[in-house]
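Counting starts at 1 for both ligands and their atoms, in listed order. All values reported here derive from a predicted model rather than from experimental measurement.
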Amino acid sequence: MGSLINKRVLLGVTGGIAAYKSADLVRRLRDTGAEVRVIMTRSATEFITPLTLQAVSGHPVHQQLLDTGPGLKHAGAGAEAAGMGHIELARWADAVLVAPASANFLARLAQGRADDLLSAVCLATEAPVAVAPAMNQQMWNNTATQSNLATIKKNAIRIFGPGEGSQACGEVGPGRMLEPVELVTLASELFATGELDGLTVLVTAGPTWEAIDPVRGLTNRSSGKMGYAVAQAAAESGARVILVSGPTSLPDPERVRSLHVESAQEMYDAVHQHAAKADIFIGVAAVADYRPARAAERKIKKTEIKLTLELERNPDILASVAALRPAPFMVGFAAETENLEQNARAKLESKKLDLVAANRVGADIGFAADENSLLLVGREDITELPTQSKTKLARALIHHIAARYHAKNDTKVHRLQRP
Ligand code: CTP
């Protein structure tokens with residue numbers, strides 16, 4: 001089973017007897033690493049209480065499309081969550097799963113209705129949407145339901161199940177909601193785009209640490225978040241990923257081979273051990289351009305009035321990989337305080353890259369922030385990825401890289417339309 005770590009799953013629960021399984025589904029989604037928020041339709045609350053789903057998800061359940069009740073914006077995670085409108089919820093979600101999805105809800109979805117919270121969120125979200133139908137077998141087989149399903153599929157909504165077997169109404173046939181464990185597996189596959197299947201992606205991330213003496217060093221404010229998110233997104237897209245990381249406080253990403261280094265020279269050595277087999281290289285690391293010419297063996301004592309630190313140039317890892325023949329598809333990052341496009345284009349040319357992802361850095365944006373935006377400067381085109389979480393941004397970047405990589409190499413493995 002794939003992982004749902006760092007994924008935000010919005011679970012929609014509609015009215016049907018299978019709603020009693022939704023509590024178990026929430027628990028299993030969370031066990032697999034997802035953060036879960038729940039929307040219930042009015043009829044769902046006839047089968048299971050919002051309190052149950054609030055308890056298992058750890059967040060208040062959303063029920064109303066228009067909720068102007070007082071106190072919703074109070075501080076605290078719970079109150080904040082309750083105050084989310086349909087647009088915020090639609091943006092928050094990495095995936096929307098409706099389980100159980102009743103025949104009535106499928107009809108609403110097919111019509112593109114937006115007069116209750118769940119239907120409105122399904123219309124407003126850019127995240128993948130999946131439904132797990134659950135209904136009586138006659139209702140499932142009815143031509144009205146089948147034609148609704150055809151419309152839903154055409155709108156790129158995934159249909160999970162249903163299973164066959166004995167039903168709560170005493171009949172036997174198709175219409176049972178899939179078991180929570182099966183739904184969790186299918187939900188994790190929503191993120192596996194297959195765009196980079198079979199390719200090897202080498203990513204650098206984090207800052208480097210250039211030792212001055214055994215306890216001091218030169219470093220920078222890179223948190224590693226963007227590089228780790230890029231490595232994770234590449235793994236989700238089916239690539240074999242090798243991440244060479246400078247010192248960060250982040251856990252290793254799932255399904256990624258992580259190599260830990262300190263200095264730029266160590267990063268250079270680790271990268272060149274793997275660069276020859278890489279199809280794509282993405283240099284996200286904020287590599288120190290200079291290092292102390294000599295690192296003192298013992299801690300430097302404050303005996304001198306003035307101390308001069310002599311620095312020498314570090315190797316440029318990105319440029320050195322771009323100089324390999326054959327070179328992988330080369331993606332560099334440019335952190336700039338001004339002239340984003342101009343500086344990015346200069347880097348593209350001077351380092352012989354295929355793409356530069358440029359981001360603005362300053363006191364409150366860039367390195368340590370959870371959100372970012374990117375300007376993607378290629379040889380022939382420029383694309384802007386607007387401000388969003390680094391996780392989503394990384395997925396959009398990988399989607400862009402995959403398209404350019406396949407165009408350049410004349411290969412195509414696009415199986416899904418969205419990042
Ligand atoms: N990079 C690298 N090795 C270095 C320096 C940078 O691989 N020794 C990579 C970074 O990972 C990033 C890109 O090069 O992908 C950044 O380019 P760079 O020219 O170093 O950016 P700045 O340091 O901002 O350069 P300048 O100060 O000249 O603008």
Side-chain angles (χ1 to χ4, degrees), residues 201-211 217-231 233-234 241-248 258-276 278 280-293 311-324 327-363 365-367 372 374-379 385 390 393-394 397-398 400-401 404:
V201 177
L202 184 56
V203 181
T204 65
T208 61
W209 170 268
E210 310 298 327
L218 300 177
T219 188
N220 59 62
R221 294 176 59 205
S222 168
S223 63
K225 282 180 191 164
M226 191 66 212
Y228 278 52
V230 166
V241 181
I242 303 164
L243 171 68
V244 182
S245 172
T248 74
S258 299
L259 308 172
H260 296 277
V261 298
E262 286 206 329
S263 65
Q265 186 61 52
E266 285 171 15
M267 189 175 274
Y268 177 96
D269 294 341
V271 160
H272 279 280
Q273 272 182 21
H274 300 280
I280 298 173
F281 180 87
I282 312 175
V284 196
V287 185
D289 293 324
Y290 294 91
R291 62 170 175 248
L311 302 178
E312 62 186 21
R313 275 290 283 273
N314 269 326
D316 189 315
I317 300 167
L318 190 63
S320 69
V321 177
L324 295 176
F329 185 89
M330 294 297 303
V331 183
F333 265 65
E336 306 289 349
T337 51
E338 62 210 337
N339 298 336
L340 216 55
E341 186 184 331
Q342 203 182 327
N343 287 327
R345 192 159 293 289
K347 252 164 225 168
L348 189 80
E349 299 299 338
S350 68
K351 298 199 190 192
K352 305 205 168 12
L353 307 177
D354 295 289
L355 187 73
V356 171
N359 65 324
R360 207 175 289 284
V361 285
I365 177 124
F367 284 145
N372 210 338
L374 288 176
L375 188 71
L376 306 182
V377 180
R379 301 223 151 250
L385 302 180
K390 287 184 177 173
L393 195 61
L397 173 65
I398 288 296
H400 187 92
I401 291 173
R404 299 301 180 283

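Taking every heavy atom of both residues into account, Thr208 and Ala288 meet most closely at OG1-N, 3.1 Å.
Between Ile317 and ligand 1, an N or O atom pair is found at a separation short of 3.5 Å. At least one N or O atom of Asp289 sits closer than 3.5 Å to an N or O atom of ligand 1. Considering backbone and side-chain N/O atoms, Val331 never comes within less than 3.5 Å of an N/O atom of ligand 1.
The shortest distance between side-chain heavy atoms of Thr219 and Pro207 falls below 4.5 Å. Considering only heavy atoms from C-beta on, Ser245 stays 4.5 Å or farther from Thr204 through its side chain. A heavy-atom distance below 4.5 Å is not found between the side chains of Asn372 and Lys225.
Ranking protein heavy atoms by distance to atom 7 (O) of ligand 1, first place goes to Leu318 N, 2.8 Å. What sits closest to atom 15 (O) of ligand 1 on the protein, heavy atoms only, is Gly283 O, 2.6 Å. For atom 20 (O) of ligand 1, the closest heavy atom belonging to the protein is Lys351 NZ, 3.6 Å. In this structure, the protein non-hydrogen atom closest to atom 12 (C) of ligand 1 is Phe333 O, 3.1 Å. For atom 8 (N) of ligand 1, the closest non-hydrogen atom on the protein side is Pro315 O, 2.9 Å.
There is a protein heavy atom closer than 4.0 angstrom to atom 24 (O) of ligand 1.
Salt bridge Glu312/Arg291: present, at least one basic N to carboxylate O contact under 4.0 Å. In summary, Arg379 and Asp354 do not engage in a salt bridge, as defined by a charged side-chain N under 4.0 Å from a carboxylate O.
In summary, of the residues considered (Gln265, Gln273, His272), a side chain to side chain donor-acceptor pair (under 3.5 Å) with Asp269 occurs for Gln265 alone.
Around atom 21 (O) of ligand 1, the closest heavy atom drawn from Arg291, Arg313, Lys347 belongs to Lys347. Of the candidates Ile282, Thr204, Val287, Val287 brings a heavy atom nearest to atom 4 (C) of ligand 1. Closest heavy-atom approach to atom 11 (O) of ligand 1 within the set Ala285, Ala264, Ala288: this belongs to Ala285.
Close approach of ligand 1 to Gly332 (heavy-atom distance below 4.0 Å) involves ligand atoms 15 (O).
Separation of atoms CD1 (Ile282) and CG (Leu202) is listed at 9.0 Å; rounding is to 0.5 Å.
A cation-pi arrangement is not found for Arg404 relative to Phe329, the charged atom failing to lie both closer than 6.0 Å to the ring centre and inside a 45° cone about the ring normal.
At least one heavy atom of Asp316 sits closer than 4.0 Å to an atom of ligand 1.
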